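To keep things clear, I will list the structure first and then write my remarks on it.
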Amino acid sequence: MANDTANQRLEVEHLQRQIQELTRQPPSDDGAKDLEALRRRLDGLRRESSPELTSWHRVQLSRHPRRPHVQDFIELVFSDFSPLHGDRRFADDPAMIGGMARFHGEPCVVLGTQKGRDTEQKLFRNFGMPKPEGYRKALRLMQLAQKFDRPIFIFIDTAGAYPGIGAEERGQAEAIAQNLREMALLTVPVLVTITGEGGSGGALGIGIGDRVYMLEHAYYSVISPEGCAAILWKDQSRVEEAANALKITSSHLRHLGIVDEVIPEPEGGAHNDPGQTAASVDRQLKEGLKALKSLSAEQLVLERSRRFRLLGEASRPSDPTPDSDSRP
Amino acid sequence: MAWFKKEKAPIVPTRDRTVRTEGLWQKCEECKQTLWKKDLEPTFHVCPQCDFHFRVSAGERLERFFDGGRYKEYDRDLVSDDPLQFVDKKAYRQRLRDMQAASGMKDALLAAEGKVGGKTVCVCAMEPSFISGSMGVVVGEKITRAIERCLEKKHPLIIISCSGGARMQEGALSLMQMAKITGALARMDRERLPYISVMTNPTTGGVTASYAMLGDLNIAEPGALIGFAGPRVIEQTIRQKLPPGFQRSEFLLQHGMLDAIVQRKDLKAYCVKALEFFGF
Ligand SMILES: [Zn+2]
């Protein structure tokens with residue numbers, strides 16, 4: 001049994017190396033096919049090697065009290081971080097952190113949601129749930145990066161945008177909507193990594209990237225499993241079924257094309273070795289940035305919009321009838 | 001009590017609905033007055049006593065909005081292929097089939113093109129009775145295609161929203177429709193083609209947090225519930241009762257989120273005037 005697991009782990013590592021090598025090759029049809037085949041085997045192996053990890057287990061791992069937070073990734077992957085504050089409209093939102101930094105020496109903007117570790121920090125960070133000023137601050141930093149032609153790195157770990165009176169008064173929906181539209185037009189590389197919770201519109205509000213990566217045990221969902229269970233099953237305790245039905249795990253989302261790459265976590269989850277996790281994130285970001293830097297500003301915008309345009313295009317009529325007038 | 005139960009019952013087949021609408025009287029949800037149905041026709045389902053705006057189907061909206069009730073419908077056959085093979089208490093596939101049979105629609109939105117005040121306009125209208133008017137892949141795809149037609153033919157766009165938000169049964173793909181639609185709207189914005197967003201009761205969640213709030217004009221019918229989070233979610237989070245009028249059109253206008261509140265009977269004339277201002 002132990003031997004089996006060890007063998008599987010070796011094979012996973014081998015596959016990962018092969019995939020990395022292939023992605024470094026110049027793109028070709030054959031290469032793309034090979035890559036897809038390898039990835040499918042890898043996804044299958046991962047599912048096999050941790051069959052005990054249900055969708056709901058992963059949700060719990062993504063919320064693990066010792067899981068590395070966005071601030072940790074900023075410190076472990078970037079250097080020279082100087083935080084920037086405020087949306088220049090209303091306030092600084094401590095749930096959304098960001099600033100100038102260096103990635104392998106190159107100046108960049110890095111930002112994301114921050115949860116807070118102890119009770120005091122959690123309250124200060126509003127449990128990582130941004131308000132409109134957080135989304136507006138994030139957009140301000142992104143446009144700053146664009147103005148000075150710097151790449152943008154975004155980390156997502158939030159249960160969602162904050163549902164409160166002030167947040168609604170100040171236009172939570174409008175703030176997220178603006179971000180979606182403006183991020184589509186950014187002329188610099190945008191690399192998004194979902195490190196923990198990817199809670200619905202609150203995550204998507206900073207989630208429009210040229211590349212969207214996801215840590216192995218992170219989740220990304222239209223609604224929390226708890227919320228879904230309460231609404232569709234009318235029973236909060238049915239979270240496991242809801243988590244399964246929603247297909248929120250990294251391998252599902254990669255399969256759906258919502259996520260480009262799954263970043264592996266150490267045995268037992270990211271909290272067991274934050275350093276190793278950050279190194280994997282770093283590798284993936286470096287590779288992604290390198291590929292994006294070969295694209296012009298127009299190509300970036302075009303490719304990004306195409307990436308999202310293709311999501312959910314599957315619904316084709318089986319037997320189409322022509323478009324019709326209301327009165328023939 | 002029996003009355004409330006009836007309202008919460010699953011959608012009734014078309015036959016029963018026709019029978020019901022053939023009744024002569026209707027009770028106003030707001031002022032509880034019993035209204036003579038004929039009186040609701042000239043007001044287009046607005047209570048003459050208290051101004052309450054009843055829900056209107058997408059088909060009725062379009063018919064009322066386009067000149068002479070004439071329009072061309074697009075992509076009417078697009079249908080969800082249940083990308084997650086979602087099953088809760090009931091299989092989503094079955095839920096869809098039942099809805100389709102009951103409504104005669106394939107999903108929660110009609111996309112159309114026709115003349116409005118003599119101007120050619122693309123109009124999308126959401127259907128509140130179809131799984132709460134929720135936005136899944138089909139709604140996302142139909143709106144995006146409508147925007148692409150506007151870009152190609154240089155037409156203005158009007159979207160009449162009425163929706164509980166993203167559709168849970170299509171998971172993160174529903175969420176991605178927000179990105180897909182707003183990406184297309186970004187192009188429309190850059191091409192300086194007008195888009196008027198009309199919000200009706202209710203417009204919440206992922207619909208509000210994407211295309212509904214991105215109009216060159218954001219307008220709403222009176223008294224419509226408009227917000228990101230639903231009132232119940234907010235109450236549970238902050239553990240207090242919400243003030244009266246919270247998240248209603250008038251509240252949003254006061255907080256700077258709407259350009260105007262427009263009576264249903266004035267909606268068409270308002271849009272025509274705005275389109276003239278935009279040079280159409
Ligand atoms: Zn009334």
Side-chain angles (χ1 to χ4, degrees), chain A residues 161-165 167-178 180-182 184-185 198 200-201 203-205 207-208 220-223 227-228 231-234 241-242 245-248 252-253 256 258 304-305 308-309 311-321 323-327, chain B residues 62-63 69-81 83-84 86-89 112 137-138 140-141 144 166 168 170-180 182-187 189-190 205-206 208-214 227-229 233-234 237-238 242 246-247 255-257:
Chain A
Y162 184 63
I165 291 181
E168 293 289 322
E169 284 176 337
R170 297 192 294 280
Q172 188 73 285
E174 195 269 351
I176 291 172
Q178 284 289 345
L180 300 183
R181 186 174 69 187
E182 297 309 315
L185 297 174
S200 195
L204 186 69
I208 310 296
Y220 194 11
S221 181
V222 66
I223 186 170
C228 182
I231 297 171
L232 290 184
W233 277 265
K234 317 241 182 301
E241 284 157 276
L246 285 165
K247 307 270 197 291
I248 58 183
H252 280 127
L253 294 166
L256 290 168
I258 291 169
R304 192 184 305 129
S305 108
F308 286 93
R309 174 67 185 88
L311 291 175
E313 223 204 354
S315 39
R316 293 262 176 231
S318 46
D319 183 20
T321 55
D323 297 323
S324 59
D325 286 302
S326 59
R327 286 177 195 172
Chain B
L62 293 184
E63 203 177 309
R70 297 173 66 91
Y71 58 88
K72 181 175 174 170
E73 193 193 336
Y74 282 91
D75 304 319
R76 74 152 62 178
D77 279 337
L78 274 191
V79 54
S80 169
D81 54 8
L84 306 189
F86 194 97
V87 179
D88 50 269
K89 286 173 144 179
V137 166
V138 172
E141 184 66 23
T144 307
M168 282 177 280
E170 293 182 23
L173 280 174
S174 298
L175 192 64
M176 293 304 127
Q177 302 313 303
M178 297 165 67
K180 180 159 128 184
T182 48
L185 281 178
R187 283 167 63 204
D189 188 50
R190 212 167 30 174
T208 322
S210 59
Y211 54 89
M213 276 292 163
L214 292 179
F228 176 66
V233 174
I234 300 175
T237 307
I238 62 173
L242 293 169
F246 182 69
Q247 290 183 313
H255 286 89
M257 294 298 146

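The structure displayed is predicted, hence computed values, not measured ones.
- Per-residue counts of heavy-atom pairs under 4.5 Å with chain A were compared for D88(B), T144(B), D189(B); the largest is that of D88(B).
- Both the backbone and the side chain of L180(A) come within contact range of chain B, with heavy atoms under 4.5 Å apart.
- With a 4.5 Å cut-off on non-hydrogen atoms, A177(A) touches chain B through its backbone and its side chain both.
- The candidate from G201(A), A245(A), S305(A) with the greatest count of non-hydrogen atom pairs under 4.5 Å with chain B is A245(A).
- For the options G205(A), A161(A), A184(A), P163(A), heavy-atom pairs under 4.5 Å to chain B are most numerous at P163(A).
- Between the CE atom of M176(B) and the CZ atom of F308(A) there is a distance of 6.5 Å, given to the nearest 0.5 Å.
- Note: M213(B) CE to T182(B) OG1 = 14.5 Å, rounded to the nearest 0.5 Å.
- Here the CD atom belonging to Q172(A) is positioned 10.0 Å from the CE atom belonging to M257(B), to the nearest 0.5 angstrom.
- At least one side-chain heavy atom of L204(A) sits less than 4.5 Å from a side-chain heavy atom of M178(B).
- Residue Y211(B) holds its OH atom at 10.0 Å from CD of Q177(B), rounded to the nearest 0.5 Å.
- By number of non-hydrogen pairs under 4.5 angstrom with chain A, the leading residue of V233(B), T208(B), I238(B), L214(B) is L214(B).
- A donor-acceptor contact shorter than 3.5 Å links the side chain of E168(A) to the backbone of F228(B).
- If you tally non-hydrogen atom pairs under 4.5 Å between each of I223(A), L256(A), L232(A) and chain B, the highest count goes to L232(A).
- Proximity of a side-chain donor or acceptor of E241(A) to a complementary backbone N or O of V87(B) within less than 3.5 Å is not detected.
- Contact annotation: the side chain of R304(A) never approaches that of R309(A) to less than 4.5 Å [non-hydrogen atoms, C-beta and beyond].
- Only the side chain of F246(B) comes within contact range of chain A, with heavy atoms under 4.5 Å apart.
- A242(A) does not touch chain B: none of its heavy atoms, backbone or side chain, sits under 4.5 Å away.
- Heavy-atom distances place both the backbone and the side chain of S200(A) under 4.5 Å from chain B.
- Contact of L246(A) with chain B is made through backbone and side chain together, with heavy-atom distances under 4.5 Å.
- Proximity to chain B (any heavy atom under 4.5 Å) is restricted, for R170(A), to the backbone atoms N, CA, C and O.
- With contacts defined as side-chain heavy-atom distances shorter than 4.5 Å, the pair L62(B)/E73(B) does not qualify.
- The candidate from G256(B), G227(B), A112(B), G171(B) with the greatest count of non-hydrogen atom pairs under 4.5 Å with chain A is G171(B).
- Note: I165(A) leads I208(A), L253(A), I165(A) in heavy-atom pairs under 4.5 Å with chain B.
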